[in-house]
Chemist: 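One structure, as structure tokens, below. Some questions next.
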Protein chains: 2
Amino acid sequence: MSLSPLGRVPTIRDVAAAAGVSIGTASKALNGRGKLRPETRERVLAAARQLGFRPNTLAQGLLSGRTYTVGLITSDSFGRFSIPVMLGAEDALGAGQISVFMCDTRDDPIRERHHLQTLLARRVDGILVTGRRTEPRPSIGTELPVPVVYAMTQSTDPSDFSVIPDDFGGGQLATRHLLAMGRRRIGHITGPERFQAARLRADGMRQVLAEAGYEIAGGGPLFGEWSEEWGRQGVDILLRAEPRIDAVFCGSDQIARGVAEILRERGRRIPDDVALVGFDNWEAMAVGCRPPLTTVDMNLGEVGRVAAEHLLAAIAGNASGGGVKAIPCQLVVRESTGPVSPRAN
Amino acid sequence: MSLSPLGRVPTIRDVAAAAGVSIGTASKALNGRGKLRPETRERVLAAARQLGFRPNTLAQGLLSGRTYTVGLITSDSFGRFSIPVMLGAEDALGAGQISVFMCDTRDDPIRERHHLQTLLARRVDGILVTGRRTEPRPSIGTELPVPVVYAMTQSTDPSDFSVIPDDFGGGQLATRHLLAMGRRRIGHITGPERFQAARLRADGMRQVLAEAGYEIAGGGPLFGEWSEEWGRQGVDILLRAEPRIDAVFCGSDQIARGVAEILRERGRRIPDDVALVGFDNWEAMAVGCRPPLTTVDMNLGEVGRVAAEHLLAAIAGNASGGGVKAIPCQLVVRESTGPVSPRAN
DNA sequence: TTGAAAGCGCTAACAT
DNA sequence: ATGTTAGCGCTTTCAA
């Protein structure tokens, strides 16, 4: 870890000199290529070790045309959703010895273009675009010299490849669980209708209910905001529309928190009287809830990982073509759901 | 944005050819150096523009010895605390046209060393180490060939430079505010005592109270966990020890949420009967609270920004020496604090 | 005012 | 088995 004995970062030239061989020989020894006397190879390696030599990646990249770097452009300011995605991506990329350039656009197209230019100038091998998915976004660029994969956001260009969570499936998952617990009058309080995620989750719920011969209680989904405050308001609206409610599926954990709080205050026990399912598995929120929240986990790490793997494949020349890949969600059962209480009704 | 007309990434050689000049001339034109006929310069620039030329940063870096990159090593898995720090850092660095390599260590020293090696091999100009600060951590390396600055974490090596939030000051801030609101019996529920942050916040509180002739109500700080659940438990302990409590300062917003919930249930109005101050300004938590939480903001963005600026200075050769710089906190007043209610007592 | 040439650190093809 | 050379893309002398 300490500075090299030379007092500067050693080059292969220093190694060669120390080992008393030519630069080419040193290179071969270090890379295990070509035919060398074992003794020579060992001498070179020893010299390298002693000097703390690490090959200059820039020089290697210049020569090979591969930099083993990718750019990660996020429009979510490294937010709650893009972080796990990034982590998953870093996982997959790190395994491939690839370093990641972080670029935050703050949702500003100008900044995005700027970052894109910078990344291309740095000759990244590929680009990952992540976001807080709302509606599909414009493609970051067609005909780019490197492959691009979208994660947790979608490009409007069908020739781009995007990886997103399966919101529809998530809605199904939550609903099946509630049905399995014997719940029949299930309400839905969720975010703004303009969010595709909100619509898809509601659709998944509706579909599962319909198959079982039910509908969303209270007259349909209550679209509102992604906030606790809306959860508090929404549940009162719901209770008014259908007082006999025995479960609520919420579009987010925050909404569920609000719902839980008011249900308590209205004297409804969770889960005995009313079961509650959230969405996001936002640890701090879900675990802090009283009782701890059963919720849908979007497997964001997996979203990032899959996106990164696709990017790696594309870099390796195995382009996967355009399209959208939806990663299945997963139900995390905690204490806010359970079988219908014998005392209920 | 589209691929160059050449069907590959253009080099300066292509630009020179297109403009009908030598490579050296093209370089001068592009960099505005040397003496060139204005017409020639224009011709080169036009060619570059037409080809979509962007100089290869690797080649520039190889030559100049400067890569205009820094490594950002985080042991917090891009967690809640390191993100804002990163954002602030990216801010300061981006302004300097510096790109950031993200490295997450998952708190594993092996991974950390690996990332460090990788960064050095990539010839970053400097390294920023961030973390979720608990106790000071071992230095990432002495005698490194590039400067290192610690943000939101501290090195045990006094010759390293660290930037952290001023927890002591944060504790003072919260306490002064509560005193100003006329509160006198102020309890303190906070995280584990092994956290320096918890101890410092308590110390700041104690000092301000002492100056005003008071002490922490209930017999001293209640150290516990950083969770809502602990907030719920802690406040009952506190109420038992000192039922006439008129304010609680919490070591985190999560704790404060738990405290708020139970205070409500015990029939204490916030802020009329009991004022409440949190710590972190964790937006979703603080705003979702009933009522919205007055809390201490650590200015994490500023922590990152200052750290990055110091790193830039060090890179530029203006080493700042070792030491610790504490960034002042800031009180964010919402609705959980207010003057003592006329009806109280 | 422009061009030619050297060299940053490295690898790979070719000589020896 | 080892050394020499060319060249990746660029900047910077130094010649012309």
Side-chain angles (χ1 to χ4, degrees), chain A residues 4 6 8-45 47-48 51-69 97 118 120-125 145, chain B residues 4 6 8-45 47-48 51-69 97 118 120-125 145:
Chain A
S4 131
L6 291 168
R8 58 187 170 77
V9 179
T11 71
I12 198 173
R13 178 193 225 102
D14 300 314
V15 175
V21 297
S22 77
I23 292 181
T25 303
S27 173
K28 281 177 215 157
L30 291 166
N31 295 293
R33 257 182 277 277
K35 272 144 211 331
L36 266 67
R37 207 151 19 118
E39 185 259 315
T40 312
R41 167 155 310 169
E42 199 38 67
R43 195 149 33 90
V44 173
L45 291 176
L51 291 173
F53 170 77
R54 305 241 74 205
N56 184 327
T57 318
L58 295 159
Q60 292 180 316
L62 191 53
L63 202 53
S64 69
R66 275 273 267 145
T67 56
Y68 292 87
T69 59
Q97 300 279 48
T118 304
L120 294 178
R122 293 200 183 277
R123 300 301 188 262
V124 293
D125 296 331
Chain B
S4 127
L6 291 168
R8 57 185 173 75
V9 180
T11 71
I12 198 173
R13 180 194 224 99
D14 300 315
V15 175
V21 296
S22 76
I23 293 180
T25 304
S27 174
K28 283 175 213 154
L30 291 166
N31 296 293
R33 258 183 277 277
K35 275 154 208 323
L36 266 66
R37 207 149 20 116
E39 187 259 316
T40 311
R41 167 156 308 170
E42 199 36 68
R43 196 148 34 91
V44 172
L45 291 176
L51 291 173
F53 170 78
R54 306 240 75 203
N56 185 326
T57 319
L58 294 147
Q60 292 179 316
L62 190 53
L63 203 55
S64 68
R66 274 274 267 146
T67 56
Y68 291 89
T69 60
Q97 298 279 47
T118 304
L120 294 178
R122 292 199 183 279
R123 302 300 188 262
V124 294
D125 296 331

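These numbers come from a predicted model, not from an experiment. Quick note on labels: first sequence line is chain A, next is B, and so on, each numbered from 1.
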Chemist: Can you tell me how far the CG atom of A/Leu45 sits from the OG1 atom of A/Thr40, to the nearest 0.5 Å?
Modeler: 10.5 Å
Chemist: Can you check the A/Gln60 CD to C/dA12 P distance for me, whole Å?
Modeler: 9 Å
Chemist: With heavy atoms under 4.0 Å as the rule, sort B/Ser27 into base, sugar-phosphate or nothing.
Modeler: base
Chemist: Taking atom CD of A/Gln60 and atom CG of B/Leu62, what is their separation to the nearest 0.5 Å?
Modeler: 11.0 Å
Chemist: What's the closest nucleotide to the A/Thr25 side chain, out of D/dG3, C/dC10, C/dG3?
Modeler: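 Nearest to the side-chain atoms of A/Thr25, counting from C-beta on, is D/dG3.
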Chemist: Hey, does A/Leu58 reach any base, or is it just sugar-phosphate, or nothing, if we go heavy atoms under 4.0 Å?
Modeler: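 No contact.
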Chemist: For A/Leu30 and C/dC10, what is the distance between atoms CG and C1' respectively, to the nearest whole Å?
Modeler: 11 Å
Chemist: Given A/Phe53, which of A/Val9, A/Asp14, A/Val15 fulfils the side-chain contact (heavy atoms from CB on, under 4.5 Å) condition?
Modeler: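 The single option meeting the side-chain contact (heavy atoms from CB on, under 4.5 Å) with A/Phe53 is A/Val15.
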Chemist: Measuring from the side chain of B/Ser22 (C-beta onward, heavy atoms only), which nucleotide among D/dG9, C/dC10, C/dG3 has the closest atom?
Modeler: C/dG3
Chemist: Whole Å only: how far is the CG atom of B/Leu63 from the C1' atom of D/dC8?
Modeler: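 About 13 Å, once rounded to whole Å.
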Chemist: What is the distance, rounded to the nearest whole Å, between atom CD1 of A/Ile23 and atom P of D/dG3?
Modeler: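 Rounded to whole Å, this separation is 11 Å.
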Chemist: Assess whether atom CZ of A/Arg66 is packed by more than 12 heavy atoms of other residues, nucleotides or ligands within 6.0 Å.
Modeler: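 Yes.
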Chemist: Just how far, in rounded Å, is P of D/dG9 from CG of A/Leu120?
Modeler: 16 Å
Chemist: Within the structure provided, determine whether A/Arg123 and B/Asn56 are in side-chain contact (heavy-atom separation under 4.5 Å).
Modeler: yes
Chemist: Let me spell it out: for each of B/Arg123 and B/Val21, pick the nucleotide of DNA chain C with the closest heavy atom. Which residue's pick is nearer the 5' end?
Modeler: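 The residue whose closest nucleotide sits nearer the 5' end is B/Val21.
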Chemist: Starting at the 5' end of DNA chain C, which residue's closest nucleotide do you reach first, B/Ala26 or A/Lys28?
Modeler: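 Comparing both residues, the 5'-ward one is B/Ala26.
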Chemist: Please report the interatomic distance OG1(B/Thr11) to CD1(B/Ile23), rounded to the nearest 0.5 Å.
Modeler: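 Atom-to-atom, B/Thr11:OG1 and B/Ile23:CD1 are 7.0 Å apart.
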Chemist: To the nearest Å, give me how far apart CZ (B/Arg13) and P (C/dA5) are.
Modeler: 13 Å
Chemist: What is the distance from CG of B/Leu62 to P of D/dG7, rounded to the nearest Å?
Modeler: 17 Å
Chemist: Are B/Leu120 and A/Arg54 close enough that some pair of their side-chain heavy atoms sits under 4.5 Å apart?
Modeler: no
Chemist: Got a sec? Which of residues 31-43 of chain B come in under 4.0 Å of DNA chain D, heavy atoms?
Modeler: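 Within this stretch, B/Asn31, B/Arg33 sit under 4.0 Å of the strand.
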Chemist: Send over the distance from A/Ile12 CD1 to C/dT11 C1', rounded to a whole Å.
Modeler: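 Nearest whole value for this atom pair: 8 Å.
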